[in-house]
Structure formats: C-alpha cells, structure tokens
> 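Sharing a structure below in structure tokens format, with a few things to ask.
So you know, we letter chains A, B, ... as the sequences are listed, proteins then strands, and number each from 1.
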Amino acid sequence: MKFKAAAAWPRALCAEPSGWPANRARGISAKSSTSYNRPSKNQESPRHTDVYQKLQKRFDQHLRSVLAAKYDLQLDSIPLEIPPDLKFGELATPIAFELARKLRKAPKIIAQEIVAALAGLEGFAGFEVAGAGYINARLNRAAGVRATAAMEAGIHAATGIHALVEHTSINPNKAAHIGHLRNAILGDTFVRLLRAAGQKVDVQNYIDNTGVQVADVVVGFLHLEGKSLADARLLLSELKTKGQRIDYYCWDLYARTSQWYTSGSAEENEARKKLRYVTLHELERGGSETAEIAELISTAVLRRHLETMLRLDIEYDFLPRESEILHLKFWEAAFEKLKQKGVLYYENEGKNKGCWVMTRPGAEIAEGDLNEDAKVIVRSNGTVTYVGKDIAYHLWKFGLLGKDFGYKPFFSYPGHECWISTEKGEEPHPQFGGAQAIYNVIDARQSDPQANVIQALRGMGYTDQADRYTHFSYEMVALTPRCAVELGYDISEEDLKRPYIEVSGRKGFGVKADDLIDKLIAATRAEVDARQTGGAEAEAARPRIAEQIAIGALRYFMLKFTRNSVIAFDFKDALSFEGETGPYIQYAVVRARNIFRKAATTPKAVLAEFSELAGFDTYLEGDAAEDIWALWLRAARRTLVLEQCIATSEPAHLAKHAFQLAQEFNNFYHKHHILTEENPARKTFLLATAAVALRELVLALSWLGIESPEAM
RNA sequence: GCGCCCGUAGCUCAGCUGGAUAGAGCGACUGGCUACGAACCAGUAGGUCGGGAGUUCGACUCUCUCCGGGCGCACCA
C-alpha cells in the first residue's frame with residue numbers, strides 16, 4: 001500500500017506540519033520589563049503571581065533604580081535568567097556584559113559596582129559577581145519557603161478577557177484517530193491554561209457537515225450499499241442495539257468509497273466523481289432526502305466524537321456547523337463587506353478571469369499589474385471557496401459580521417450544556433462569538449489558508465483582531481513503519497524506510513482514538529490488578545483508577561512533545577507508564593498522599609502548623625538540603641510557567657514542569673524519610689515540603705487535564 | 001521554482017528574550033525493596049548540537065550557504 005500526501009482535507013482531517021505562521025510573532029511581541037514576564041499583547045498577566053515572579057520583579061525594579069542612580073541609565077529591558085546551577089544563586093543577570101561597551105568598562109568591574117550598590121533587598125540574602133561578570137542573586141530561602149507554602153491553590157482573578165478556542169473540528173464522516181486526539185488534547189489543555197490565567201473562554205468545535213468528506217460517505221451509503229434514508233435509520237438503530245459504533249462503520253465505508261472513485265474504468269471513474277459533486281451540491285443546498293441522510297449520519301458521528309472526547313475530559317460549549325454558515329447567508333454578508341473594503345477585486349483577465357480574488361499575504365504586486373498568484377475566493381461559477389467561508393466565520397467570531405447563528409442544546413455534560421448551530425434557534429441561549437482573542441488549533445499544513453483569513457481581516461482594517469488571531473499550529477501524528485506493520489497494513493518497501501508514515505482517513509490508515517483508549521485502559525487495568533492497588537478492599541475502585549491512569553498516560557504523551565515536532569506514533573511509547581509519562585507524575589501524587597494518610601493528618605493542617613513554625617532555616621542549608629530547596633523553588637514557579645505557556649502557545653512547557661517537579665519530589669521522597677523523622681520541627685518542615693509538592697503537582701496535572709488518583 | 005518546518009547521546013525528545021561545564025526519558029551495564037508501595041531511586045558508558053562561513057565579549061539559539069528529511073504553494077475542503 002502506498003500513501004501519498006492526501007490533498008484536500010478540511011481542517012479537521014489534516015494533522016500536521018508546523019510553520020510558525022506569519023502572525024505568530026506579532027501576538028507575543030510585547031516587550032515588558034523582564035524576559036520571564038512577557039505577556040503577549042492580548043494577554044494580561046494573571047493578577048495572582050507566584051513567589052518567584054514577585055521576587056523577580058522586585059530584583060528587576062531594584063536593578064533599574066541602581067542603574068538609574070549610578071549610571072543614569074533607563075533600560076526598557078533587563079535580561080533576567082534562572083542560573084544553571086543553585087551554586088550561582090536563584091536569579092541572575094548578564095546585564096554587565098551589555099553595558100560594557102556603553103560604559104567603556106570591563107563587565108566584571110561594572111558587575112562589582114552594581115553589586116556594591118544593590119545592598120539589601122527584602123527577600124534576598126545577597127548579591128555577588130561570578131564568572132566574567134554575571135550578577136547572581138541569592139534568595140532568603142526561609143522567606144521564600146514561607147511565602148511558597150502560603151501560595152493559594154486557587155484560580156486566578158478574572159482578567160476580563162474573552163477568548164475563543166476552536167479545536168477538534170473533525171469531519172463528521174468517520175471515527176476520530178490519533179491525529180485528532182493530538183488536536184483535541186492540545187486545544188483542551190490550552191483552554192484550561194487560559195482559564196487558569198483568569199480568562200473567560202468559549203470552546204468551539206467547527207463541524208463541516210456539508211463538505212466533500214461527508215458527501216463521500218453519503219455516496220457510499222447511496223451507491224455502494226444502495227441504502228435509502230429509511231435504511232440508514234434502520235442501520236443506526238441496529239448498530240445501537242448491537243453496541244457498535246457508527247463512526248467505525250463509516251471509517252470503513254469512507255475508505256471504500258474513496259477507493260471506488262479510482263477503481264473503475266476511466267468512464268466509470270468519471271461518472272463516480274460526478275456523483276460525488278452532485279451529492280456535495282445536494283448537501284450544500286439541503287432539503288432533499290440525500291441531505292437528510294447526510295444530516296442523520298453526520299450528526300450520529302458527531303455525537304460519537306463528543307463521546308470519545310468526553311472520555312478524555314474534553315468538553316465543548318458550541319458546535320457551529322457549516323450548514324448554517326451557508327443557509328444563514330454568512331458569506332453573503334461577508335462578501336459585501338469584503339468588496340466594500342476593497343479586499344476582494346474582480347479579475348478580468350488571466351487564469352483567474354471571472355473570479356473574485358484577494359492578494360496573498362506578503363505578495364508585492366505593482367499597481368495595475370496582473371496578479372495570477374492571487375487567492376480565489378469566489379469561483380467563476382459564483383460559488384465560494386473554503387477560505388471565503390472561513391473569513392465569514394471569523395468575522396462572526398470577532399463579532400464583526402452583523403449576523404448570528406440560531407442555537408439549540410445538543411449534548412449535555414454533567415456541569416453544562418453544549419449548543420449547536422441551527423437556522424431557527426431557541427431562546428434564551430448563551431452568547432457566543434464577539435471574542436477579543438481567538439485561537440485556532442489547526443494543523444500546520446493549513447498555515448496558508450489561515451494566513452489568508454488573517455490577511456483578509458487586516459485588509460478590512462481589523463488590525464487589532466488580526467493581531468489577536470492565533471493559528472495554534474501543530475505537526476501531525478504519523479505512524480512508525482513498525483507500528484503500521486503491527487497493525488496489519490501492507491506497507492511498501494519505500495515506506496518501510498521512512499521515519500514515519502502519514503495517517504490517512506481516506507485510506508482508512510491509522511489508529512482510531514477509541515481503540516487506543518480501550519487498549520490503554522486494558523493495559524492500566526492489568527497493572528492495577530497486578531499491584532492490588534489500594535489493597536484488597538479497594539477492588540471496586542480499580543476500574544476508575546485504571547481509567548484515570550490511562551487518560552493521564554495518553555494526555556501526557558500528546559503534550560510532552562512541542563507542537564512543531566511530528567509525533568511518530570508507536571504503541572510501545574504510548575503504552576509506557578514509566579519515566580517521563582503521566583503515570584510517573586500521578587505516582588508521585590499518590591506517594592505524597594500516602595504519607596499524609598499514614599501520618600493521619602492533612603496537607604492543610606500541616607501547612608497551618610508550618611506557618612507557625614520558626615527556626616527551620618537550618619533545614620535549607622548545607623549540601624544535603626540543596627535538593628529540598630530546589631523542590632521548593634520549582635514549586636514557586638507556578639504562574640511563571642503558566643504565563644510562558646500562554647505567551648508561546650506551548651503547553652509542553654507545563655508538561656515538562658510537572659515532570660521535573662515529580663522527579664524532584666521522588667528524589668526527596670527517597671532521601672528523606674518523613675514518618676520516621678524524630679525531630680518534630682524537622683518533621684513538620686518535611687511534611688510541609690510534601691504538602692506543597694502535592695499541591696503544585698495536582699494543580700499542574702489539572703491544567704494538563706489529568707486527574708490525580710487516590711491510589712495506584 | 002517559491003514558502004514553511006525539522007536535523008542535538010544507540011532511540012525518542014527538551015534546551016526560554018543569544019549567556020556561565022549541552023539536559024531528560026527510553027535502551028545498555030551496576031547497585032538499592034521484611035516498603036512513607038520499586039509505576040521508584042542512585043551510579044556508569046554515550047554528543048565535533050547535519051557541514052561550512054559570518055555577526056557577537058559570548059551562538060544549540062541570530063544571518064548566509066550547502067546537505068539530508070517532511071509539508072505547503074487549486075476556481076478542494
């Protein structure tokens with residue numbers, strides 16, 4: 001079997017390459033005082049800042065005042081860094097190197113002068129010069145620990161920012177696969193991060209229910225299987241009684257139909273393709289039996305997608321559908337505006353003659369010259385392209401269209417309702433759209449169309465909105481050749497030599513999301529049973545625990561890679577529970593909880609007691625205490641990491657942070673036996689250390705969408 | 001042809017606005033459980049950061065160039 005790059009997938013389908021889209025840089029360009037605190041232009045930093053950030057800011061301001069007083073310098077940015085080793089302190093700046101030329105002095109001399117002037121600063125133990133001119137700051141450890149212990153576990157104050165995240169957006173014509181999982185997990189995690197930072201976030205899952213992909217599966221029902229609308233209804237109820245999945249059924253049918261288009265004689269193939277477009281147009285128009293079959297099937301598949309994602313704790317607020325974008329004439333409204341603002345122009349000559357086109361971003365065309373490279377938005381037959389519809393949709397997202405969807409409830413979650421678009425909606429309904437910042441979790445292969453949409457907004461004069469439009473792009477999930485062979489696919493010699501093989505819904509080539517989840521749960525269940533997790537009496541809790549661990553493993557696996565690295569999927573890696581994995585972190589949580597259980601106390605009680613404790617300074621000094629201090633220090637960097645993740649749209653940083661925290665805790669756990677500690681003050685201190693590690697681990701995991709089991 | 005991404009230890013990947021001796025996991029080899037549960041910990045081996053040039057006090061990080069791999073560049077979505 002050969003796999004060629006699939007052409008034409010709607011956004012949902014493609015899982016893929018990165019590409020920092022042109023707009024990215026703009027979103028995070030705002031300069032602020034320090035390098036660690038760079039909220040993007042459209043983000044306010046959380047009002048609740050962690051201990052490390054507070055000290056960092058204090059150090060930064062102190063440095064500024066010293067530089068102003070001593071050298072009459074006003075710098076707009078002072079570089080601050082986390083030293084590579086605790087022996088260099090906890091905060092550092094190489095500012096002296098930068099000033100060397102300006103002040104015509106050696107960096108070391110400058111550093112010495114600055115350090116002499118720094119004197120005392122609350123929260124700091126001292127400053128010193130190191131190396132060729134670094135200025136290192138040492139924290140007052142006891143004060144840092146006390147402040148960190150007192151950090152609240154809670155949610156940050158509201159910032160007033162209303163953001164909209166679009167993710168998942170799978171074509172409703174087949175089962176979700178691992179590529180879709182990466183999309184949904186990245187998107188859902190980012191939503192959690194924005195919410196943790198105090199933003200109001202709406203989660204949208206765009207449903208292309210009238211596209212070619214749905215048309216293809218409808219062609220399969222009608223022409224390969226000879227099914228009518230009644231037959232389709234019957235099939236759905238049959239599958240339901242047999243406990244089978246319609247999305248799985250469509251997975252195979254879609255692959256068969258795709259093959260069918262090219263498996264006949266030349267005339268046959270042409271006739272079949274024609275059938276495809278006739279069907280597509282029927283779906284777009286609506287009101288026919290064909291359209292009704294499409295509606296029936298795509299809605300059933302959509303429900304399956306929501307169920308699959310719910311297994312991963314992923315929920316949505318609103319499902320805008322393409323059918324409403326068409327029928328409610330969103331495009332017509334957008335078209336008028338685009339013409340008015342001169343973003344679109346009618347092409348009178350060249351290959352795009354008769355089309356309405358727009359200039360691509362970055363194109364430099366002299367006035368009056370023919371631009372054959374322009375992007376076609378309205379075809380010469382009068383129909384609108386994908387990018388055109390997307391422009392209309394994005395005008396709506398920012399509240400700039402002057403039109404709205406109808407809404408009706410579609411899917412109920414324990415805490416809230418997910419709404420879907422409809423022509424004539426119900427009242428009352430929640431307000432969607434009109435966001436201040438939007439994030440589109442869409443694979444990197446769609447950088448170009450995304451850039452076109454942004455370009456259109458900018459061209460219309462909506463530059464603020466264009467600046468707050470983030471294409472949250474990520475690379476595809478592919479299969480390793482070994483994995484493909486394992487799954488029983490027939491792989492060509494050529495493909496066997498490749499590092500990875502692209503998943504293809506059209507070919508039916510890939511790993512289905514539910515299959516992977518089932519497999520993971522079975523594997524964790526076996527572990528949990530083998531370990532007698534929770535003891536003999538806890539047997540009833542094991543299925544739930546196995547599920548928590550399985551989901552933790554899966555979510556962490558999808559989040560540990562940075563977005564623009566291709567994930568070459570392999571069961572061996574995905575089913576691993578050791579090392580840098582979700583279960584490793586969960587295990588650290590369970591260990592911490594067990595300490596409190598055995599000690600018959602709670603983290604809250606311990607922290608209350610610790611707040612009264614004096615004289616624990618000595619436990620933070622000496623070589624043996626370095627690892628304990630390192631643990632506290634990392635725990636103190638909660639919002640620093642959160643802000644970094646938001647500013648760079650990169651949840652992987654938090655995944656790494658959680659892992660390192662767990663690693664340091666495990667190390668601490670091994671070296672310092674708490675329950676047998678005889679010195680009561682020291683015991684309280686060690687318990688407080690465990691309490692803070694536990695608090696931060698549970699919080700970080702929750703931001704990653706991973707639960708913390710009671711036992712494992 | 002144009003554009004984007006990737007190339008860091010045997011494998012899979014981190015490495016923040018350029019900064020102090022390049023890190024982790026897995027795998028390999030050693031050692032540690034009558035236990036705050038070993039889904040763990042400690043140690044050893046392993047890298048000319050694809051090659052070359054440049055900018056800089058300083059380059060894995062920025063620029064140029066070459067090599068290798070992937071992906072875009074439709075009147076498809």
> Within this structure, what is the CG-to-P distance between A:Asp373 and B:G3, rounded to whole angstrom?
12 Å
> I need the NE2-P distance between A:His670 and B:G31, as an integer number of Å.
16 Å
> Any chance the side chains of A:Asn209 and A:Ser298 put a donor and an acceptor closer than 3.5 Å?
no
> Please report the distance, rounded to the nearest Å, between CD in A:Glu502 and P in B:C5.
19 Å
> When the C1' atoms of B:A53 and B:G43 are compared, how many Å lie between them, rounded to an integer?
42 Å
> Parallel, tilted or perpendicular for A:Phe571 and A:Phe569, by the 30°/60° rule?
perpendicular
> Scan A:Thr533 against the nucleic acid and name what it touches under 4.0 Å (heavy atoms): base, sugar-phosphate only, or nothing.
base
> Checking all strands, does A:Pro107 fall into the base, sugar-phosphate, or nothing category for heavy-atom contacts under 4.0 angstrom?
nothing
> If the threshold is 4.0 Å, N to carboxylate O, is there a salt bridge linking A:Arg563 and A:Glu475?
no
> What is the nucleic acid contact for A:Phe577, judged by heavy atoms within less than 4.0 Å: base, sugar-phosphate only, or nothing?
base
> Return whichever of A:Ile95 or A:Glu284 has its heavy-atom-nearest nucleotide of RNA chain B closer to the 5' end.
A:Ile95
> Does the side chain of A:Gln663 get closer than 4.0 angstrom to OP1 or OP2 of B:C40 through an N or O atom?
no
> How close or far is atom P of B:C16 from atom CD1 of A:Ile78, stated in whole angstroms?
21 Å
> Between A:Asp85 (CG) and B:A20 (P), how many Å, whole number?
12 Å
> Can a salt bridge be assigned to the pair A:Arg597 and A:Glu710 using a cut-off of 4.0 Å between side-chain N and carboxylate O?
yes
> Over all strands shown, is A:Gln586 touching base, sugar-phosphate only, or nothing at heavy-atom distances under 4.0 angstrom?
nothing
> Side chain of A:Phe88 only, please: which of B:A20, B:C5, B:G69 is the nearest?
B:A20
> Choose from B:C41, B:A39, B:C26 the nucleotide whose nearest atom is closest to any side-chain atom of A:Tyr584.
B:C41
> Of the listed nucleotides (B:G69, B:C16, B:A20), which one gets closest to any side-chain atom of A:Gln644?
B:C16
> Please work out if A:His672 contacts a base, only the sugar-phosphate, or nothing of the nucleic acid, heavy-atom cut-off 4.0 Å.
base
> Under a 4.0 Å threshold between the charged nitrogen and the carboxylate oxygen, would A:Lys351 count as salt-bridged to A:Glu372?
no
> Please classify the nucleic acid contact of A:Ile377 as base, sugar-phosphate, or nothing, using heavy-atom distances under 4.0 Å.
nothing
> Of all the nucleotides listed (B:C71, B:A20, B:G15), which has the minimum atom distance to the side chain of A:Met476?
B:C71
> Considering every strand and a 4.0 Å limit on heavy-atom distances, what is the contact class for A:Lys353: base, sugar-phosphate, or nothing?
base
> Output the single nucleotide from B:A24, B:A39, B:C40 whose closest atom is nearest the side chain of A:Asn666.
B:C40
> When you measure from the side-chain N and O atoms of A:Asn667 to the phosphate of B:C41, is any distance below 4.0 Å, counting only OP1 and OP2?
no
> Given B:A38, is OP1 or OP2 found less than 4.0 Å from the side-chain N or O atoms of A:Arg531?
no
> Would you mind reporting whether A:Leu559 and A:Leu704 have side-chain heavy atoms less than 4.5 Å apart?
yes
> B:C75 base to A:Ser380 side chain: any donor-acceptor pair below 3.5 Å?
yes
> Nearest to the A:Tyr587 side chain among B:A14, B:A20, B:C40, which nucleotide is it?
B:C40
> Taking CZ from A:Phe659 and P from B:G23, how many angstroms apart are they, rounded to a whole number?
16 Å
> Atom CG of A:Asn594 and atom C1' of B:G37: how far apart are they, to the nearest Å?
7 Å
> What is the distance, rounded to the nearest whole Å, between atom CZ of A:Arg563 and atom C1' of B:C6?
15 Å
> Determine the contact category for A:Arg360: base if any of its heavy atoms lies under 4.0 Å from a base atom, sugar-phosphate if only primed atoms, P, OP1 or OP2 are that close, otherwise nothing.
sugar-phosphate
> Can you tell me if A:Glu707 and A:Gln586 form a side-chain donor-acceptor pair at under 3.5 Å?
no
> Just checking A:Phe577 against A:Tyr584, ring centres under 6.0 Å apart?
no
> Assign A:Gly534 to base, sugar-phosphate, or nothing according to its heavy-atom contacts below 4.0 angstrom with the strands shown.
base
> Verify the contact: side-chain N or O of A:Lys656 to OP1 or OP2 of B:C13, cut-off strictly under 4.0 Å; return yes or no.
no
> Just name whichever nucleotide pairs with B:C73, Watson-Crick or G-U, keeping both distances under 3.5 Å, else none.
B:G1
> With respect to the side chain of A:Ser565, which nucleotide from B:C16, B:A14, B:C75 is positioned closest?
B:A14
> Supply the atom-to-atom distance A:Ile95 CD1 to A:Thr93 OG1, rounded to the nearest 0.5 angstrom.
5.0 Å
> Over all strands shown, is A:Lys671 touching base, sugar-phosphate only, or nothing at heavy-atom distances under 4.0 angstrom?
nothing
> Heavy atoms only, 4.0 Å cut-off, all strands: where does A:Val528 land among base, sugar-phosphate and nothing?
base
> Within the 4.0 Å heavy-atom criterion, would you say A:Asp573 contacts the bases, only the backbone, or no part of the nucleic acid?
nothing
> Please measure how far the C1' atom in B:U56 lies from the corresponding atom in B:C11, and state the result in whole Å.
36 Å
> Touch check for A:Ala652, heavy atoms < 4.0 angstrom, all strands: base, sugar-phosphate only, or nothing?
nothing
> For the P atoms, the ones on B:A39 and on B:G27, what distance do you get once it is rounded to whole angstrom?
14 Å
> Looking at every strand, decide which applies to A:Lys497 at a 4.0 Å heavy-atom threshold: base, sugar-phosphate, or nothing.
nothing
> If each of A:Lys572 and A:Glu578 is mapped to the nucleotide of RNA chain B with the nearest heavy atom, which maps nearer the 5' terminus, i.e. the 5' end?
A:Lys572
> Looking only at the side chain of A:Asn564 (C-beta and beyond, no hydrogens), which of the listed nucleotides B:A24, B:C5, B:G32 gets closest?
B:C5
> Among B:A20, B:G15, B:C71, which is the nearest nucleotide to the side chain of A:Arg445?
B:C71
> Please measure how far the C1' atom in B:G37 lies from the corresponding atom in B:U8, and state the result in whole Å.
37 Å
> Any N or O donor-acceptor pair under 3.5 Å from the base of B:A20 to the side chain of A:Asn136?
yes
> On the nucleotide B:U12, are OP1 or OP2 found under 4.0 Å from the side-chain N or O atoms that A:Thr480 carries?
no
